Every structure is written in C-alpha cells, then in structure tokens.
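Below you'll find the structure, written out as structure tokens, and then a few comments.
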Amino acid sequence: MQSYRILLFLILLSFNNFVYSLSISFSINCKVQDSLLFSMEDGKSTRYPKIEGDIGAGDDLVLDFEFVLTEYGLYRLNIGSNIGSNYKFAASAVDADYDGMFEDHVTFENIHSMVFGENYMNIDGFMGIANLSRYYKNDWNLLYVGHGIKKSSEMKSANCLGVSNKYSEMLEVMKSHHRNDEEN
C-alpha cells in the first residue's frame with residue numbers, strides 16, 4: 001500500500017511542470033472623508049469622530065487584496081484593512097460557486113456576501129461591510145459600516161483614487177474560473 005502512495009506522489013509531482021499557479025496582490029488606498037461612531041448607553045446616544053486607535057477623517061484607509069489561484073485550480077481571496085481599533089476589518093473567500101458573486105449591484109438577497117463587478121464591490125467582512133462603487137475611470141467611493149461591538153456602530157466614507165488595474169485582472173480571472181467550472 002505504501003508503494004502505491006509513493007508511486008501516486010511521484011506521478012503527481014511529474015505533472016507539476018504542466019500546472020500553474022497565479023498570484024495577484026494589490027492595495028486600494030483611500031482618504032477618509034468622514035468618520036462617525038455612535039454609541040448607545042442607558043437610553044442615550046453619543047457621537048464620536050472615531051474609535052480610539054482607529055482611523056478617522058483625513059487618515060489613509062487601505063484595503064489589501066491577495067488573490068491566489070493554486071496549481072490545483074482552486075482560488076483563495078484574502079482582504080485585510082487598517083479599519084477598526086481592536087479588530088481590523090478582514091474578509092476572505094475560497095473557491096466556491098457563489099450565486100450573485102459577479103453582479104453590478106447589491107440586492108437584498110446578496111447584501112451579506114462578497115459581490116464583485118466592473119463598477120461595484122460589496123465586501124462583507126469580519127466586523128463590517130465595505131461597499132465600493134466606481135465613479136470615474138479608476139476612482140472609487142467607499143462606504144464602510146462597522147457591525148459594532150456591544151453598544152456601538154461606526155460609519156466611514158472615503159475617496160479611493162487610482163485603483164489598480166490589478167482589480168480588473170483579478171475579476172477576470174475569477175469570472176473565467178467560474179465559467180470554466182460551469183462548463184465542466
């Protein structure tokens with residue numbers, strides 16, 4: 001039995017030259033235009049410009065994307081950010097057949113998922129949702145709504161100038177991958 005495993009391993013290893021992997025990494029850099037934190041305690045609402053230790057108006061907001069299509073034909077997408085004080089905004093997706101993943105807008109049915117389009121991104125992540133929409137060429141608006149911890153919730157708006165063309169490249173690879181899965 002052990003010799004069959006070794007033989008199988010050697011066969012798979014020999015095909016490694018014919019298989020590929022693809023990695024696309026990029027960042028979306030934004031300038032926070034407005035930041036607001038609401039907290040509620042004992043029936044009273046209080047507003048703050050930001051959570052202590054978090055980014056606020058005038059600060060740089062960064063979304064880091066790391067997309068990897070493995071040699072086995074599966075992909076992984078990780079998104080991290082500097083949004084949040086104790087728990088930073090993060091999201092991830094693995095190869096799956098997401099209904100509505102490539103829409104041009106968000107509907108009530110897909111609001112709590114990842115939706116990507118040429119002019120729109122909805123990223124439901126750990127501790128919040130980031131919505132991005134293209135308004136001119138490679139310039140995007142960002143609205144972030146934090147899920148809040150206990151008795152608070154936060155909102156941020158940001159302007160993201162010069163979004164990398166690597167976003168479009170990643171989107172095309174993902175679409176192609178899902179089209180190929182549907183054909184098989």
Side-chain angles (χ1 to χ4, degrees), residues 12 16 19-32 51 54-55 60-135 137-149 153-184:
L12 290 174
N16 204 19
V19 201
Y20 69 96
S21 67
L22 173 72
S23 177
I24 301 172
S25 298
F26 62 97
S27 295
I28 296 178
N29 300 301
C30 311
K31 183 66 75 174
V32 176
I51 297 174
D54 192 10
I55 56 175
D60 293 325
L61 182 154
V62 180
L63 292 172
D64 294 315
F65 287 72
E66 180 186 277
F67 175 83
V68 176
L69 179 62
T70 70
E71 62 269 14
Y72 304 108
L74 304 172
Y75 72 79
R76 174 183 81 248
L77 171 62
N78 293 319
I79 303 167
S81 181
N82 62 338
I83 306 171
S85 57
N86 295 327
Y87 302 101
K88 301 295 183 197
F89 174 80
S92 63
V94 293
D95 192 346
D97 186 16
Y98 288 107
D99 291 332
M101 187 177 206
F102 305 109
E103 300 294 328
D104 286 328
H105 62 281
V106 170
T107 63
F108 183 74
E109 290 82 24
N110 65 16
I111 194 167
H112 295 293
S113 62
M114 286 197 195
V115 180
F116 297 102
E118 292 297 323
N119 300 310
Y120 195 85
M121 286 182 252
N122 182 70
I123 305 165
D124 187 357
F126 179 65
M127 302 302 290
I129 298 174
N131 291 300
L132 291 94
S133 59
R134 185 188 310 257
Y135 67 88
K137 294 188 180 183
N138 288 331
D139 299 337
W140 294 64
N141 295 314
L142 179 143
L143 290 172
Y144 171 78
V145 178
H147 294 321
I149 301 174
S153 189
E154 68 176 307
M155 298 181 347
K156 294 186 187 313
S157 61
N159 187 19
C160 311
L161 299 176
V163 170
S164 172
N165 289 330
K166 288 186 177 186
Y167 169 71
S168 295
E169 182 183 335
M170 178 191 78
L171 185 63
E172 286 307 311
V173 170
M174 290 171 72
K175 283 181 178 180
S176 174
H177 175 75
H178 282 279
R179 275 193 298 267
N180 290 339
D181 280 352
E182 289 175 6
E183 292 172 3
N184 294 331

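Basis for what follows: all heavy atoms, side chains included, without hydrogens, waters or symmetry-related copies. In this text, all values refer to a predicted model and were calculated from it rather than measured experimentally.
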Next on the checklist: Run the side chain to side chain contact (heavy atoms under 4.5 Å, CB included) test on L142 and L63 for me, step by step, so that the C-alpha distance in whole Å, both residues' side-chain angles and the decisive distance to 0.1 Å come before the verdict.
Outcome noted: CA-CA 11 Å; L142 179 143; L63 292 172; 3.8 Å; yes

Rounded to the nearest 0.5 Å, what's the gap from [atom1] on [X] to [atom2] on [Y]? Could you check?
{"X": "S81", "Y": "M127", "atom1": "OG", "atom2": "CE", "result": "13.0 Å"}
{"X": "I129", "Y": "L143", "atom1": "CD1", "atom2": "CG", "result": "11.5 Å"}
{"X": "S92", "Y": "L77", "atom1": "OG", "atom2": "CG", "result": "8.0 Å"}
{"X": "E154", "Y": "I83", "atom1": "CD", "atom2": "CD1", "result": "7.5 Å"}
{"X": "Y120", "Y": "N122", "atom1": "OH", "atom2": "CG", "result": "4.5 Å"}
{"X": "N138", "Y": "C160", "atom1": "CG", "atom2": "SG", "result": "11.5 Å"}

Can you name the nearest heavy-atom pair linking [X] to [Y], along with the distance?
{"X": "R134", "Y": "E118", "answer": "NH2-O, 2.6 Å"}
{"X": "C30", "Y": "I28", "answer": "SG-CG2, 3.8 Å"}
{"X": "G125", "Y": "A91", "answer": "CA-CB, 3.7 Å"}
{"X": "W140", "Y": "G117", "answer": "CH2-O, 4.3 Å"}

Item to check | Intermediate values then yes/no, side chain to side chain contact (heavy atoms under 4.5 Å, CB included), M174 and F67 | outcome: CA-CA 9 Å; M174 290 171 72; F67 175 83; 3.4 Å; yes

Next on the checklist: Run I24 and F65 through side chain to side chain contact (heavy atoms under 4.5 Å, CB included) and show every step you take.
Outcome noted: CA-CA 8 Å; I24 301 172; F65 287 72; over 6 Å; no

Checklist entry - What residues form a salt bridge (charged side-chain N to carboxylate O under 4.0 Å, His left out) with K31, not counting sequence neighbours? => result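 For K31 the salt bridge (charged side-chain N to carboxylate O under 4.0 Å, His left out) partners, ignoring immediate neighbours, are D60.
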
Next on the checklist: Going by salt bridge (charged side-chain N to carboxylate O under 4.0 Å, His left out), name the residues that satisfy it together with D139, two or more places apart in sequence or in a different chain.
Outcome noted: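 D139 satisfies salt bridge (charged side-chain N to carboxylate O under 4.0 Å, His left out) with no other residue.
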
Item to check | Side-chain heavy atoms of N159 within contact of Y135, under 4.5 Å | outcome: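 Yes, close enough: below the 4.5 Å cut-off.
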
Item to check | Any residue meeting side chain to side chain contact (heavy atoms under 4.5 Å, CB included) with E66, in chain and number order, not counting sequence neighbours | outcome: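 E66 satisfies side chain to side chain contact (heavy atoms under 4.5 Å, CB included) with S25, V68, R76, N78 only.
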
Checklist entry - Would F89 and L61 satisfy side chain to side chain contact (heavy atoms under 4.5 Å, CB included), going step by step from the backbone distance to the final call? => result CA-CA 11 Å; F89 174 80; L61 182 154; over 6 Å; no

